Structure formats: structure tokens, C-alpha cells
*Asks:* 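Questions regarding the structure given below will be posed in turn.
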Amino acid sequence: MYQKVEKVRKLLCGDAGMVTSEYAMGIIAAVGFAAVLYAVVTSGQVSAELQDIVKRALSARM
């Protein structure tokens with residue numbers, strides 16, 4: 001009985017961590033996404049829209 005329980009536990013709780021190459025690919029993907037997001041946010045139109053939203057939020061009456 002114990003062997004069956006141990007086998008099921010190993011199947012359900014297996015090693016779910018990432019190996020080094022998966023960490024590297026994850027970091028590269030995150031940096032790439034951050035670079036694209038930074039480029040979009042700092043573009044002229046998006047920057048102006050964000051500033052407008054902040055100004056309206058700060059000048060709103062409560």
C-alpha cells in the first residue's frame with residue numbers, strides 16, 4: 001500500500017522547477033517584453049495619453 005501511495009505522490013509532486021536553460025530563455029523573453037513595453041510607453045502618442053489620464057485623475061473632485 002505504501003509503495004502505491006509513494007508512486008502517486010511522486011507523479012503528483014514531481015520536480016516542477018525550471019532548468020538553467022529554461023531560466024535563461026525566461027529572462028530573455030522578459031527582457032524583450034520589457035523593451036517593447038518601454039518603447040510603446042515612451043512613444044509620443046502613448047506618453048501624451050498617459051499624461052492626460054494622470055492630469056485628469058489628479059484634478060478630479062471627490
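Predicted model, so just to flag it, every value in this text is computed and none were measured. Below, each value reflects all heavy atoms present in this structure, side chains not excepted, and no hydrogens, waters or symmetry copies. Residue numbers count from 1 along this sequence.
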*Asks:* Determine whether Val46 and Leu37 fall in the same hydrophobic cluster, where Ile, Leu, Val, Met, Phe, Trp and Tyr are linked whenever their side-chain heavy atoms lie under 4.5 Å apart.
*Replies:* yes
*Asks:* Quick check for you: to the nearest 0.5 Å, what is the distance between Glu22 atom CD and Ile27 atom CD1?
*Replies:* 12.0 Å
*Asks:* State which residue, out of Val41, Thr42, Val36, Val40, fulfils the side-chain contact (heavy atoms from CB on, under 4.5 Å) condition with Tyr38.
*Replies:* Thr42
*Asks:* Please tell me if the side chains of Arg56 and Ile53 come closer than 4.5 Å, counting only heavy atoms from C-beta onward.
*Replies:* yes
*Asks:* For Ser47 and Gly44, indicate whether the former's side chain and the latter's backbone hold a donor-acceptor pair under 3.5 Å.
*Replies:* no
